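A short write-up of the structure that comes next.
Since we're looking at a predicted model, the values are computed, not measured. Numbering of ligands and ligand atoms starts at 1, following listing order.
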Amino acid sequence: MSKKRVTSGMRPTGSMHLGNLLGALDNWVRLQDEYECFFFIVDWHALTTPGGGDAVGYENLGDLRNRVREIAIDWVSAGLDPDKCSIFIQSHVPEVAELHLLFSMITPLGWLERNPAYKDMVQSYKIESPSYGLLGYPTLQAADILIYKGDFVPVGKDQVAHVNMTRDLGQRFNSLYGKKVFPITEALLTEVPRVPGLDGIENKMSKSSGNYIALSDSAEDTTKKIRTMFTDPVKIRKDDPGHPDGCVVYAFHDIYNVGELETIRKECESGARGCVSCKMELAEKMNNKLEPVRARREELVANPGMISEILRAGAVKAEGIARETLKEVREVMNLPARESLDV
Ligand code: SF4
């Protein structure tokens with residue numbers, strides 16, 4: 001029996017950090033063994049917002065090309081294996097744009113206007129005059145997924161609505177034209193650890209907040225950043241009793257040093273452990289775990305042709321499937337065949 005398909009994309013925000021690794025990439029690495037996976041960098045989606053500051057967008061193209069490559073490098077460094085999954089750039093499969101156009105003909109405007117994520121984006125990016133592309137991005141997202149007939153999209157609970165819109169659009173197409181061209185796409189909910197920022201347990205690790213450890217950081221950079229991590233503010237001296245639950249260092253021990261967690265808690269609470277040595281122990285554990293990621297990264301950076309070839313091969317495979325889907329779509333929509341033009 002053929003494997004079910006998983007599709008997922010990521011915006012080219014620049015190099016990835018531990019929040020991305022633990023929140024999405026580790027999960028993708030597991031999924032590639034069980035599903036036929038299509039992972040793509042959504043460069044067109046980056047152009048739906050104006051950009052500004054560190055964010056790229058249609059008014060601020062910045063180093064978009066370089067960011068796309070950096071993300072691909074991070075994905076492969078994190079363990080995505082081009083022999084097990086397809087890794088490519090969204091715009092390298094132009095058939096997606098045609099499907100987006102055709103979907104836009106059948107997408108009720110009310111679906112897009114009621115999309116809460118659209119309103120959030122307009123507010124959070126302070127966009128005065130939102131573009132047609134931004135309003136219609138769920139239609140592009142549906143084309144991204146359905147062109148590969150994606151059965152599942154791995155998402156967190158807060159993103160299930162996006163997948164539902166894709167599912168509804170696929171079903172609308174099938175029902176309008178009386179043929180089951182698209183599968184019923186479902187969200188693949190995954191439990192992921194909450195990754196705090198370096199500056200506080202309540203803050204989320206993010207590129208825009210600058211409170212992150214990048215996959216491209218060296219072991220020395222990582223150790224330096226761990227030294228700055230927020231700890232229990234009332235634990236001033238080594239033998240002061242501490243409160244691990246509010247401490248970022250403890251939260252990372254919970255990810256990278258689980259076997260020692262109970263001991264760390266007891267020693268912290270009793271004042272037998274100091275924050276400096278606690279941080280150094282975390283640095284050692286984290287750096288050991290990240291060592292293979294850094295080694296793969298170094299190899300890819302030293303051989304630029306490797307990542308180009310991975311992206312090329314991924315796009316070729318994805319485009320083959322995309323062409324088949326579009327052929328079916330054109331047929332059921334009664335669009336004139338273009339075989340005579342395909343030389
Ligand atoms: S000893 Fe460790 S767990 Fe306790 S407050 Fe300091 S850094 Fe956090």
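A donor-acceptor pair shorter than 3.5 Å cannot be found between the side chains of Thr107 and Arg172.
Note on ligand 1: Arg273 sits in its first shell, one or more heavy atoms being nearer than 4.0 Å. Within the 4.0 Å heavy-atom cutoff, Gly242 does not count among the residues contacting ligand 1.
For the pair Arg5 (side chain) and Phe38 (backbone), a donor-acceptor distance under 3.5 Å is absent. Between the Arg265 side chain and the Tyr250 main chain, no donor and acceptor come within less than 3.5 Å of each other. Formation of a donor-acceptor pair under 3.5 Å by the Asn203 side chain with backbone atoms of Leu198 is not found in this model. With hydrogens and angles ignored, the 3.5 Å screen pairs a side-chain donor or acceptor of Asn174 with a backbone N or O of Phe182.
Atoms of ligand 1 lying under 4.0 Å from at least one heavy atom of Lys235, given by number and element, are 1 (S), 5 (S), 6 (Fe). Near Asp232, meaning under 4.0 Å from any of its heavy atoms, are these atoms of ligand 1: 5 (S). Residue Thr231 approaches ligand 1 through these ligand atoms, each under 4.0 Å from one of its heavy atoms: 7 (S). Under a 4.0 Å criterion applied to the non-hydrogen atoms of Cys247, ligand 1 contributes the atoms 3 (S), 5 (S), 7 (S), 8 (Fe).
Remark: minimum distance from atom 2 (Fe) of ligand 1 to any protein heavy atom is reached at Cys278 SG, 2.4 Å. Distance from atom 6 (Fe) of ligand 1 to its nearest protein heavy atom, with residue and atom name: Cys275 SG, 2.4 Å. Summary of contacts: the protein heavy atom closest to atom 4 (Fe) of ligand 1 is Cys268 SG, 2.3 Å.
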Query - side-chain contact (heavy atoms from CB on, under 4.5 Å) between Leu102 and Met333, intermediate numbers included - result: CA-CA 9 Å; Leu102 296 173; Met333 291 185 87; 4.1 Å; yes
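At a threshold of 2.8 Å, atom 4 (Fe) of ligand 1 has no backbone or side-chain N, O or S atom of His243 nearer than that distance.
For the side-chain hydrogen bond (donor to acceptor under 3.5 Å, both in side chains) with Glu36, the lone residue among Lys317, Lys84, Lys4 that qualifies is Lys317.
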